[in-house]
Amino acid sequence: PFKLDSWNKDVDFTMIANDDFYDGAPNLKKLTFKVITDGNARAMALESGEIDMMSGRSALTSLESLKAKENIQIIKTMGQTSELVMINTFDEIMSDLNIRKAVAASVDFASAVPAILMDLAEPAVNFFSPVFGEYVDSNLKLPEYNPEFAKECLTNAGYTDTDNDGIVDKNGKKLSLDLIVDAKNEEDKALASVMQNQLLENGIDLNITMLDSAAIKEKLSSHEYQMAMQGQNYVPSDDPSVHYKNGYYHSDSFYNIYSTPELDKKIDTLFNSLDGSERITLHKEIQKEVTEQVPVIMMFHRNNIIIADKKLKGYEMAKGTWQIYKGLEKAYVE
């Protein structure tokens, strides 16, 4: 609906209405996208009227203050993206299912997410965001916060606090784990602190390392990590089968955090099947096995959010994470 008119690198770019768009010309005649890298500066620009709208991504520190303004509206819908803690099941310590279960049961993301992220996200209830509909096993129960069960799992793994210093140990070695977090992701950084405190309550020491996205990708692809907070990638369409095959749970997947020959076979069958009923069944079987093996801990399902001046009308929020500006073809400024 729009076509590029001008572009100033790292400053702004302008798009103008495409009068030849197949579905009719959009209501707005011109769009100007401004590059404002600082979240607080973006909020100030919106509040002052310099801009009419901004994405809710990376707006953790400014969302609540903006909501209180009479001229500001919050437009949101649950999107396709979820956030998770990836666990490297090939790591010597994390290869123990009892350790993975203990970590999952030690962290109360269900309470932390609404308290910290508010409108930005919803606590995870499924393996995928519910917007994937029939491809999600809504009856599958994710691991829950259960400190007593966490302690039981640690005991099963051979870890107890022999010297009463608050950290469990085994054969004289304390249980200390590492978590990688994107240094620019304020949401994950806040939840990582919660995770660190709650693991400590169950006798697990957690070290948090902040890295840039390129360094994180390198660590993940080379399996040089124990745990990492990441967005759930490889879900580009309504059917998330590529998520298993290319992303995480196949021996040929890019990250391959957990895989078995049997699981490979199921994923390959799913990837090549044209039988709708068979595909749904395989989706649920794969999700069940992965959930039981705990190579990931689901943190939250992300909301797609636009924070806008109330004079913006007719905007339709999309579910697709990278389609949040698609609704501008029908929007107008009053």
Side-chain angles (χ1 to χ4, degrees), residues 2 8 10-15 26-83 109-124 129-131 181-194 210 213 229 231-232 299-334:
F2 298 94
N8 299 304
D10 298 330
V11 179
D12 59 33
F13 64 92
T14 301
M15 306 190 78
N27 293 322
L28 293 169
K29 297 304 178 185
K30 183 172 74 171
L31 298 174
T32 299
F33 291 83
K34 296 191 175 185
V35 180
I36 306 175
T37 57
D38 180 77
N40 291 325
R42 284 195 299 273
M44 291 176 62
L46 178 61
E47 188 176 346
S48 67
E50 178 186 345
I51 60 175
D52 300 303
M53 61 185 289
M54 59 180 271
S55 168
R57 292 293 295 267
S58 304
L60 179 60
T61 58
S62 55
L63 179 60
E64 286 304 293
S65 61
L66 286 172
K67 282 179 64 176
K69 306 298 180 182
E70 290 186 1
N71 65 316
I72 299 298
Q73 60 177 319
I74 306 295
I75 307 170
K76 72 173 183 177
T77 189
M78 184 176 288
Q80 291 179 314
T81 305
S82 299
E83 199 79 2
F109 285 128
S111 297
V113 167
I116 295 174
L117 303 188
M118 297 161 287
D119 286 295
L120 296 177
E122 309 294 335
S129 167
V131 303
V181 179
D182 190 325
K184 293 183 179 180
N185 191 319
E186 297 298 328
E187 301 154 6
D188 282 0
K189 285 162 66 175
L191 290 173
S193 294
V194 171
M210 306 290 180
S213 57
M229 283 187 172
Q232 191 180 49
M299 297 165 59
F300 60 80
H301 304 310
R302 187 181 296 282
N303 286 324
N304 288 345
I305 289 185
I306 285 293
I307 310 171
D309 193 295
K310 286 185 177 179
K311 64 184 180 182
L312 177 71
K313 307 290 184 179
Y315 178 81
E316 295 182 359
M317 175 60 74
K319 293 179 180 179
T321 303
W322 308 114
Q323 299 173 332
I324 60 173
Y325 295 111
K326 187 176 180 181
L328 284 169
E329 66 182 81
K330 297 181 180 180
Y332 61 96
V333 177
E334 192 174 61

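Note that the numbering runs from 1 along the sequence shown for the chain.
- Taking 4.5 Å as the limit, some side-chain heavy atom of Glu83 sits within range of a side-chain heavy atom of Arg302.
- One finds the CD1 atom of Ile306 at 9.0 Å from the CE atom of Met54 (value rounded to the nearest 0.5 Å).
- Taken to the nearest 0.5 Å, the CD atom of Glu47 stands 7.0 Å off from the OG atom of Ser65.
- Within 6.0 Å of NZ in Lys189 there are more than 12 heavy atoms belonging to other residues, nucleotides or ligands.
- Put simply, the side chain of Leu328 reaches to within 4.5 Å of the side chain of Met53, judged on heavy atoms.
- Under the 4.5 Å side-chain criterion, counting only non-hydrogen atoms from C-beta, Glu122 is in contact with Asn303.
- Taking the side chain as every heavy atom from C-beta outward, Met118 and Lys67 never approach each other to under 4.5 Å.
- Residues His301 and Pro130 have side chains in contact (heavy-atom distance under 4.5 Å, counting atoms from C-beta outward).
- Judged purely by atom type and a 3.5 angstrom limit, Ser62 has no side-chain atom pairing as donor or acceptor with the backbone of Asn40.
- Side-chain contact check for Val181 versus Asp188: some heavy-atom pair is nearer than 4.5 Å.
- Within 6.0 Å of atom NZ in Lys184, 12 or fewer heavy atoms from other residues, nucleotides or ligands are found, so the atom counts as exposed in its surroundings.
- In this structure the side chain of Arg42 never reaches within 4.5 angstrom of the side chain of Ile307, judged on heavy atoms.
- Under the 4.5 Å side-chain criterion, counting only non-hydrogen atoms from C-beta, Val333 is not in contact with Asp309.
- The minimum heavy-atom distance between Asp119 and Glu64, with the atom names listed, is OD2-OE2, 4.2 Å.
- Considering every non-hydrogen atom in both Asn27 and Tyr332, the closest pair reads CB-CB, 4.1 Å.
- Listed here is the closest heavy atom pair of Met299 and Val113: O-CG2, 3.6 Å.
- For Lys310, the NZ atom counts as densely surrounded, since its 6.0 Å shell holds more than 12 non-hydrogen atoms of other residues, nucleotides or ligands.
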